[in-house]
Amino acid sequence: MEDFLDSLNPPQREAAETTDGAVLILAGAGSGKTRVITHRAAQLIKLGVSPFNILCITFTNKAAREMKERVEALTPSGSQIWVSTFHSLCVRILRREIAKIGYDKSFTIYDADDSERLMKRTLKELNVSDKLFPPRSVMSAVSALKDELVPPQVYEKRAALNAREGVVARVYALYQKRLQENNALDFDDLIFKTVELFLSRPDALNAHQERFRYIMVDEYQDTNTAQYTLVRLLSKKYGNLCVVGDDDQSIYAWRGANIRNILDFEKDYPDAKIVKLEQNYRSTRTILSAANAVISRNASRKDKRLWSEGGAGQPVVVWQGSNEREEAEYVADTIEKHRRQQDWRFADFAVLYRTNSQSRAIEDGFVRRGVPYRVYGGTRFYDRKEIRDVAAYLRAVYNPADSVSLRRIINTPRRGIGDASLERVEEYAAESGVPLIDALADAGRILGSPAKASKILAFVAMMDRLRDLSNELSVSDFIRHLLGMTGYAAELEAQNTDEARDRLDNIDEFIGKAVEFERSADTPLLSAFLEEVALVADIDAYEAGADAVSLMTLHSAKGLEFPAVFITGFEDGLFPSYRAQTSGDVKDLEEERRLCYVGITRAKSELYLTMAVERSRNGQTTYNLPSCFLKEIPSDFIKRVYGKKMSAPMTDDFDNEIEIPPAKHQIGEFRQKIAIGNKPAGFGGRSYIMQGTPAPADNLGFSVGDKVRALKYGVGEVAAIAPAGADYEVTVVFPAAGEKKFMAGLSKLKKVD
DNA sequence: GCGCGAGGAGTTTTT
DNA sequence: CTCCTCGCGC
């Protein structure tokens with residue numbers, strides 16, 4: 001009988017069949033990782049493991065959804081396995097068990113913005129200058145501590161804290177106290193508190209160990225210490241842990257991901273079985289070679305080399321133009337050209353960039369050219385002010401202790417409650433340990449004047465009514481009522497501006513999401529909806545359905561693939577980022593290089609690296625050199641294209657590009673001229689200006705019978721030239737090496753006289 | 001308490 | 001360039 005594992009290649013099959021014990025699957029980009037995980041899950045079920053006992057942890061909700069669907073397609077009971085992200089897994093555990101560690105199960109999840117607000121207030125309360133201690137940076141320090149599972153009490157007592165760290169310790173302690181009083185958890189807490197639960201309550205741990213007898217973790221290279229510990233705890237009893245990852249795709253060190261988790265897996269699990277998946281099914285050999293060439297420059301990595309049975313495909317196109325406007329137009333024009341000449345769809349293309357702000361120029365260009373696109377990531381839908389406001393109402397209703405949400409909406413829309421009286425009530429609440437909402441209800445006494453308190457009391461009464469209402473209505477109906485009762489919709493309508501109409505539209509969309517949620521959720525409770533709002537990223541909404549070009553950061557692109565990929569802004573100071581390039585720590589540059597590797601390997605058949613000499617950043621014009629990663633790609637794989645006003649590269653950084661004929665001597669002159677003036681702030685001080693000579697002609701510069709020089713074989717005679725797609729295949733006969741075929745665009749064949 | 005305008009600070013990447 | 005804060009006058 002045919003086995004469903006027959007569709008796997010030998011290492012894939014080995015990975016899927018190794019069901020017990022610790023397994024590390026080193027899965028290179030495009031090596032069929034998801035296939036292996038899903039088949040492995042199906043195999044477990046086939047062997048008699050209850051799907052109920054299988055846990056699969058992914059990085060994004062989208063990956064989780066896809067995983068679940070694919071397991072289900074393999075085996076009907078696959079739908080019962082638990083597939084979830086770290087964060088939603090922890091929420092589900094904590095909703096049931098958090099009372100054991102001193103929170104109420106109706107806790108609120110604070111996202112980055114909420115956390116920062118609370119941090120700001122904490123700094124203020126402790127009279128710590130937010131100039132010396134920017135909330136953001138204290139927040140990231142605290143976040144890093146939580147990722148490392150260091151609680152405030154431990155950090156405070158740590159020896160050798162300097163003055164600054166001492167302040168951070170005090171702030172951390174109070175911040176955490178306030179979080180708990182608000183019955184709120186920040187993102188990091190979700191993991192941290194789950195670990196805390198398991199460490200302090202062996203019964204809870206044991207129950208979950210029994211439940212999750214087989215555990216799989218995707219994107220293991222991106223786990224931080226807290227997540228690592230969580231996995232370790234859960235898998236300890238049965239030892240059936242399968243992690244899948246690729247150290248070359250570790251791109252979240254800045255968020256606490258510890259690459260050692262994957263590099264040291266064999267040490268942590270001495271009996272672990274290691275399976276390497278090195279056959280790539282996604283990209284052309286040219287793209288793969290470029291990716292391999294780049295990543296091989298990283299020192300600390302597991303040895304592996306992706307290979308493919310696919311064809312060589314097209315060369316990597318490296319385009320350089322004058323500015324980001326031209327870059328956007330080049331991308332748009334190239335896409336249009338493909339659509340005209342070949343059978344491409346918009347959805348076949350992705351435009352990737354290092355920073356979200358780069359999407360702006362691309363979008364402008366696409367709008368001018370009429371290219372449909374979708375931007376993923378960036379400002380999340382749920383991050384818009386109006387959505388946050390409405391969500392804050394929902395959260396304040398659901399969790400009365402949540403003072404961050406309460407404070408956000410107490411005077412939104414304006415209802416005459418000012419900072420002065422609010423601060424007095426807050427102070428009282430903080431000092432006497434009373435929840436803010438209770439203090440507000442007591443405002444008459446606290447302010448010593450019923451008149452001054454009247455507006456506050458009206459607000460409190462409204463919130464009470466809303467709370468009653470929330471128990472009677474569906475989420476979407478409740479939001480509709482809320483918009484009316486609070487006057488929120490009326491205020492926006494009264495403004496009657498384009499912006500206000502936009503916001504109302506967004507709120508409509510939000511209600512639409514609530515309706516959708518009610519249709520699809522098992523339990524359409526307000527709490528579940530709020531979780532979705534807190535934990536769902538935009539990339540999760542990625543669907544291949546609509547025919548539009550995808551725009552997203554390189555980070556967001558991980559796990560996706562596209563027939564054609566543009567990596568834009570391929571410039572020093574941007575990619576790699578200025579910080580990584582100048583920090584002096586090679587680790588930072590190595591992470592950028594991995595990001596580059598991730599970007600390149602998203603492409604199936606065509607890859608474009610684009611760069612502009614001049615680019616506007618924060619309103620300032622900067623002059624950038626090509627990315628240092630460019631010269632790590634052998635020139636054999638590259639075809640160079642220049643923008644209208646460009647001719648030769650403006651820099652000797654292209655040591656893989658030596659044969660641009662006319663302009664070489666001019667470059668030197670220009671460089672001298674330019675080196676004097678416009679020195680862009682903070683970008684290494686080197687700057688260049690372009691010149692006005694036309695791009696090199698596209699013809700080959702030789703014909704059959706000519707003598708040409710090839711880099712590797714010396715001088716030979718051209719025997720034939722044949723069209724090959726957009727390029728030409730040139731056959732050359734060499735005295736020593738014999739007959740060789742070249743792609744004209746790839747090779748550096750040059751006529752000799 | 002509110003609205004407006006000036007001034008300052010800040011941007012890598014995100015569950 | 002853009003978001004946010006602050007200070008001022010009403």
Side-chain angles (χ1 to χ4, degrees), chain A residues 57-64 84-91 109-113 115-117 120 130-131 134-137 140 143 146-147 185-192 219 222-224 226-227 250-257 352-361 376-380 382-383 385 410-423 452 455-456 495 531-540 552-559 569 573-583 588 591-592 594-596 598-599 615-622 682:
Chain A
I57 306 175
T58 63
F59 207 64
T60 64
N61 296 295
K62 177 188 176 286
S84 101
T85 63
F86 268 107
H87 294 268
S88 43
L89 166 72
C90 289
V91 171
I109 302 163
Y110 281 175
D111 67 15
D113 184 81
S115 310
E116 205 178 306
R117 280 165 192 267
K120 234 180 217 172
D130 58 0
K131 294 272 180 291
R136 253 184 98 99
S137 78
S140 67
S143 174
K146 290 187 181 184
D147 288 345
L185 305 190
D186 64 20
F187 272 152
D188 304 307
D189 276 348
L190 293 177
I191 320 289
F192 186 107
E219 307 282 14
D222 288 328
T223 52
N224 61 35
Q227 291 162 334
S250 161
I251 54 174
Y252 286 104
W254 53 274
R255 207 175 66 189
L352 310 182
Y353 34 76
R354 181 66 240 268
T355 64
N356 280 303
S357 59
Q358 286 167 255
S359 78
R360 187 69 163 272
Y376 297 94
T379 328
R380 284 164 74 236
Y382 295 126
D383 284 342
K385 182 186 176 302
I410 191 166
N411 202 32
T412 313
R414 306 259 120 92
R415 42 176 78 93
I417 301 173
D419 271 348
S421 32
L422 191 55
E423 252 169 54
K452 279 185 188 162
K455 286 167 179 162
I456 293 180
Q495 282 174 18
E531 250 150 57
E532 191 169 310
V533 172
L535 296 178
V536 169
D538 270 8
I539 192 68
D540 296 331
M552 66 185 82
T553 63
L554 288 146
H555 282 87
S556 298
K558 194 167 67 151
L574 190 58
F575 186 30
S577 75
Y578 175 69
R579 288 170 77 134
Q581 215 160 10
T582 55
S583 75
D588 292 334
E591 175 143 324
E592 297 282 313
R594 289 192 293 271
L595 191 57
C596 183
V598 167
R615 185 179 296 273
S616 159
R617 290 245 267 159
N618 322 340
Q620 273 199 332
T621 305
T622 60

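What you are looking at is a predicted structure, and each value in this text was computed from that prediction instead of being measured.
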Would you kindly give the [atom1]-to-[atom2] distance between [X] and [N], to the nearest whole Å?
X: A/E116; N: B/dT15; atom1: CD; atom2: C1'; answer: 17 Å
X: A/L190; N: B/dT14; atom1: CG; atom2: P; answer: 19 Å
X: A/N61; N: B/dT14; atom1: CG; atom2: P; answer: 15 Å
X: A/D113; N: B/dT15; atom1: CG; atom2: P; answer: 15 Å
X: A/Y382; N: B/dT15; atom1: OH; atom2: P; answer: 13 Å
X: A/D222; N: B/dT14; atom1: CG; atom2: C1'; answer: 11 Å

Span that lies between the C1' atom of C/dC6 and that of B/dT11, in whole angstrom: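 Pairwise C1' distance, B/dT11 against C/dC6, rounds to 22 Å.
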
A/F187 vs A/K131, nearer the 5' end of DNA chain B by closest nucleotide: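 This one resolves to A/K131.
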
Span of DNA chain C, from the first to the last nucleotide whose atoms fall under 4.0 Å of chain A heavy atoms: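 It runs C/dC1 to C/dT5.
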
Under 3.5 Å donor-acceptor, A/Q227 side chain and A/N224 backbone: yes

Parallel, tilted or perpendicular: ring planes of A/H555 versus A/W254, cut at 30 and 60 degrees: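 Correct class here is perpendicular.
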
Closest heavy-atom pair and its distance - A/F575, A/L595: CZ-C, 3.9 Å

Sugar-phosphate, base or nothing in reach of A/S84, heavy atoms under 4.0 Å: nothing

A/S577: partners by side chain to side chain contact (heavy atoms under 4.5 Å, CB included), with sequence neighbours left out: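 Per chain and number, A/S577 pairs via side chain to side chain contact (heavy atoms under 4.5 Å, CB included) with A/R354, A/R579, A/A580, A/E592.
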
Collect all protein-nucleotide pairs involving nucleotides 11-13 of chain B in which both atoms are nitrogen or oxygen and the distance is under 3.5 Å.
{"residue": "B/dT11", "atom": "OP1", "partner": "A/R136", "partner atom": "NE", "Å": "3.3"}
{"residue": "B/dT11", "atom": "O4", "partner": "A/N618", "partner atom": "OD1", "Å": "3.3"}
{"residue": "B/dT12", "atom": "O2", "partner": "A/R354", "partner atom": "NH1", "Å": "2.2"}
{"residue": "B/dT12", "atom": "O2", "partner": "A/R354", "partner atom": "NH2", "Å": "2.3"}
{"residue": "B/dT13", "atom": "OP1", "partner": "A/N356", "partner atom": "N", "Å": "3.1"}
{"residue": "B/dT13", "atom": "OP1", "partner": "A/N356", "partner atom": "ND2", "Å": "3.4"}
{"residue": "B/dT13", "atom": "O4'", "partner": "A/R354", "partner atom": "NH2", "Å": "3.4"}
{"residue": "B/dT13", "atom": "O2", "partner": "A/R354", "partner atom": "NH2", "Å": "2.2"}
{"residue": "B/dT13", "atom": "O2", "partner": "A/H555", "partner atom": "NE2", "Å": "3.4"}

